[in-house]
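Just below is one structure, and these are the notes that go with it.
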Amino acid sequence: QVQLVESGGGSVQAGGSLRLSCAASGDTYGSGYMGWFRDAPGKEREGVAAIYTHTSSQFSGSTRFADSVKGRFTISQDNAKNTVYLQMSSLKPEDTAMYYCAATTRTSYALRALDTSVYNIWGQGTQVTVSS
């Protein structure tokens with residue numbers, strides 16, 4: 001059974017940094033997109049960043065970001081560890097949310113990678129709190 005395990009959340013002051021990790025077990029890693037999403041109070045789930053992990057594709061490592069985090073967040077992969085990271089810098093109070101890692105068993109590159117409907121495997125989430 002495929003599992004995604006997130007770690008690295010916590011509390012930080014505005015302007016600080018955090019790195020989230022998502023370790024994937026099973027066959028999901030290396031087949032398609034993995035993404036990070038967040039749930040903030042009173043808001044719909046938002047796609048934050050995604051990376052195409054298909055190891056044999058010319059597009060492997062391609063990334064997508066929400067406009068709200070461009071220039072502040074980066075996403076990367078470690079193929080040896082089946083792990084995707086979300087490095088968050090210059091954090092703002094509005095980044096406060098529960099962050100979820102997600103993966104899809106769809107292998108296509110041409111997907112709306114920040115759309116929740118693309119993903120069918122979700123982690124349990126990790127809380128990020130940014131204080132002003």
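Keep in mind that the numbers below use all heavy atoms, side chains included, and drop hydrogens, waters and symmetry copies. Position 1 is the first residue of the sequence, and the numbers go up from there. Everything numeric in this text was worked out from a predicted model, so none of it was measured.
- Nearest heavy atom pair, residue A50 against residue A113, reads CB-O, 3.6 Å.
- Around CD of Q124, the count of heavy atoms belonging to other residues, nucleotides or ligands within 6.0 Å does not exceed 12.
- Here the side chains of V84 and I75 are in contact, with some heavy-atom distance below 4.5 Å.
- Shown are V128, T96, D95; of these, the side chain to side chain contact (heavy atoms under 4.5 Å, CB included) with R38 is made only by D95.
- In summary, the side chains of Y33 and R64 do present a donor paired with an acceptor at a separation below 3.5 Å, with no hydrogens or angles considered.
- S68 and E46 share a donor-acceptor pair across their side chains, judged by distance under 3.5 Å alone.
- A salt bridge links K70 with D67: the closest approach of a Lys/Arg side-chain nitrogen to an acidic carboxylate oxygen falls below 4.0 angstrom.
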Trace of the side chain to side chain contact (heavy atoms under 4.5 Å, CB included) decision for T83 with Q77: CA-CA 6 Å; T83 298; Q77 62 188 100; over 6 Å; no

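- In this structure, OG on S25 lies 8.5 Å from CG on N82, to the nearest 0.5 angstrom.
- Shown here for V48 and L86, the closest heavy-atom pair between the two residues is CG1-CD2, 4.4 Å.
- No chain of hydrophobic side-chain contacts below 4.5 Å, direct or via other Ile, Leu, Val, Met, Phe, Trp or Tyr residues, connects L114 to L20.
- Looking at Q127 and Y99, their side chains never come closer than 4.5 Å, going by heavy atoms from C-beta outward.
- The 12-atom threshold is not exceeded at CZ of R112, counting heavy atoms of other residues, nucleotides or ligands nearer than 6.0 Å.
- Contact of the Q13 side chain with the V130 side chain is not registered, since no non-hydrogen atoms from C-beta on lie closer than 4.5 Å.
- Here ring pair (Phe, Tyr, Trp, His ring centres under 6.0 Å) pairs that include residues 113-132, with residues two or more places apart or in two chains, are F37-Y119, F37-W122.
- Going from atom OG1 of T74 over to atom CZ of R19 covers 9.5 Å, rounded to the nearest 0.5 Å.
- Interatomic distance, S21 OG to L4 CG, rounded to the nearest 0.5 Å: 12.5 Å.
- Annotation: side chain of T53 is in contact with side chain of I51 (closest heavy-atom distance under 4.5 Å).
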Audit row: Q87, S76, side chain to side chain contact (heavy atoms under 4.5 Å, CB included) steps and yes/no: CA-CA 8 Å; Q87 178 67 48; S76 60; over 6 Å; no

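- When the side chains of ILVMFWY residues are joined at heavy-atom separations under 4.5 Å, either directly or via intervening members, Y85 and L18 end up in two distinct hydrophobic clusters.
- Within the 4.5 Å cutoff, the side chain of R106 has no heavy atoms near those of the S31 side chain.
- Nearest heavy atoms, M34 versus A103: CG-CB, 4.0 Å.
- Judged purely by distance below 3.5 Å, without hydrogens or angles, the side chains of N120 and T105 pair a donor atom with an acceptor atom.
- Sorted by first and then second residue, the pairs that involve residues 56-81 and meet ring pair (Phe, Tyr, Trp, His ring centres under 6.0 Å), not counting sequence neighbours, are F59-Y109.
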